[in-house]
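Below is one structure, written out as structure tokens; the observations come after it.
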2 protein chains.
Amino acid sequence: MLEHVTGRWGSLVLAALEDGPIRFNDLRRRVDGVSQKVLAQTLQALERDGFVCRNQRTVFPLWVEYTLTPSGKDVSAKLLDLITYVEASMDTVLAARQRYDSPAPAENGARARE
Amino acid sequence: MLEHVTGRWGSLVLAALEDGPIRFNDLRRRVDGVSQKVLAQTLQALERDGFVCRNQRTVFPLWVEYTLTPSGKDVSAKLLDLITYVEASMDTVLAARQRYDSPAPAENGARARE
DNA sequence: CAGCATCCTTATCGATACTG
DNA sequence: CAGTATCGATAAGGATGCTG
């Protein structure tokens, strides 16, 4: 169940829902890269868990909009906090990766723990 | 890169590292269900991203311990906030699932519970 | 102890086509 | 528009055996 919210798509969908009600295809465009199949699955899982609310219009023109439930908002806020932090750390992370990927550093006086 | 920290194993590993330095096999026991292969992969990804620090003892008895870096601590804290909230919502979520999974409510007049 | 290499089984995802 | 159904590719994950 944690994976529903922390997983790749779950977190992006919850984040995208932050800005209010949104319809399926708009959401799909917003969450760039998600296929409609996966988006449907993700939304169903989140709805089942009570984090998003599905609101269907049954007369023409018909559409479905999704919103966050109260607990969905809580989760989404915490998620966004995390995502924002991680995005802000991008540069640092990329630098860390280069250090990690580059050839072994020269030996100076410092040693690993003994 | 976000998936490294939000993914199933990444988040659990970061959360497990909250309590301070821990060795590989202890970590493996702590993060219940992770295989050693996946744990090694996860740790490498997190180390590469600069969220965890690997500290290897090169003399006998040899072991490796992992700790959170400063940014790792930040991420871990935010993650733990989320995990704690989600865990606390378990009951609510399970109830929501039962509602979702139960047979469709009658369509005219008689409504399920609303 | 920590971790790599290999094989093999699943789960996940994308593309496509079709329905209410 | 908002999905469902099916198929095939591919990536993730487990089991086992081996190494510094």
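By convention in this document, chain letters (A, B, ...) are assigned in the order of the sequence lines, proteins followed by strands, and residues within each chain are numbered from 1.
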### Query
Taking for each residue the nucleotide of DNA chain C bearing the nearest heavy atom, is the 5' side occupied by Lys37(A) or by Leu62(B)?
Leu62(B)
### Task
Hey, which sits more toward the 5' end of DNA chain C by its nearest nucleotide, Tyr66(B) or Ser35(A)?
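Here Tyr66(B) is the residue nearer the 5' end.
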[X] side-chain N/O to [Y] backbone N/O, donor-acceptor pair under 3.5 Å:
{"X": "Arg57(A)", "Y": "Pro61(A)", "result": "yes"}
{"X": "Ser11(A)", "Y": "Leu79(A)", "result": "no"}
{"X": "Thr6(A)", "Y": "Gly7(B)", "result": "no"}
{"X": "Ser76(A)", "Y": "Glu18(A)", "result": "no"}
{"X": "Ser35(B)", "Y": "Val38(B)", "result": "yes"}
{"X": "Thr42(B)", "Y": "Gly10(B)", "result": "no"}

Between atom [atom1] in [X] and atom [atom2] in [N], what is the gap in whole Å?
{"X": "Asp26(B)", "N": "dA2(C)", "atom1": "CG", "atom2": "C1'", "answer": "12 Å"}
{"X": "Gln41(A)", "N": "dA15(C)", "atom1": "CD", "atom2": "P", "answer": "14 Å"}
{"X": "Trp63(B)", "N": "dA2(C)", "atom1": "CH2", "atom2": "P", "answer": "9 Å"}
{"X": "Ile22(B)", "N": "dA2(C)", "atom1": "CD1", "atom2": "P", "answer": "10 Å"}
{"X": "Leu43(B)", "N": "dG3(C)", "atom1": "CG", "atom2": "P", "answer": "7 Å"}
{"X": "Glu65(B)", "N": "dA2(C)", "atom1": "CD", "atom2": "P", "answer": "10 Å"}

#### Entry: Non-neighbouring partners of Asp19(B) that pass salt bridge (Lys or Arg N to Asp or Glu O under 4.0 Å), sequence neighbours left out
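Asp19(B) satisfies salt bridge (Lys or Arg N to Asp or Glu O under 4.0 Å) with Arg30(B) only.
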### Message
Please identify which of these residues, Val52(A), Asp74(A), Val75(A), meets the side-chain contact (heavy atoms from CB on, under 4.5 Å) condition with Leu68(A).
### Response
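When side-chain contact (heavy atoms from CB on, under 4.5 Å) is applied between Leu68(A) and each of Val52(A), Asp74(A), Val75(A), only Val52(A) qualifies.
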Would you classify [X] as touching base, sugar-phosphate or nothing, given that sugar-phosphate means primed atoms plus P, OP1 and OP2, and contacts are heavy atoms under 4.0 Å?
{"X": "Arg54(B)", "answer": "sugar-phosphate"}
{"X": "Arg28(A)", "answer": "nothing"}
{"X": "Phe60(A)", "answer": "nothing"}
{"X": "Gln36(A)", "answer": "base"}
{"X": "Gly7(A)", "answer": "nothing"}
{"X": "Gln44(B)", "answer": "sugar-phosphate"}

### Query
Are Thr67(A) and Asn55(A) close enough that some pair of their side-chain heavy atoms sits under 4.5 Å apart?
no
### Query
Hey, are Lys78(B) and Asp81(B) close enough for a salt bridge, meaning a charged N less than 4.0 Å from a carboxylate O?
no
## Note on the structure
Angle separating the five-pair end axes of the helix from dC1(C)-dG20(D) to dG20(C)-dC1(D), nearest 10°, is 60°
### Query
Could you give the start and end, 5' to 3', of the contact zone on DNA chain D for chain B, using atoms under 4.0 Å from its heavy atoms?
dG13(D) to dG17(D)
### Query
Which residue, Gly33(B) or Arg29(A), contacts DNA chain D at a nucleotide closer to its 5' end, judged by nearest heavy atom?
Arg29(A)
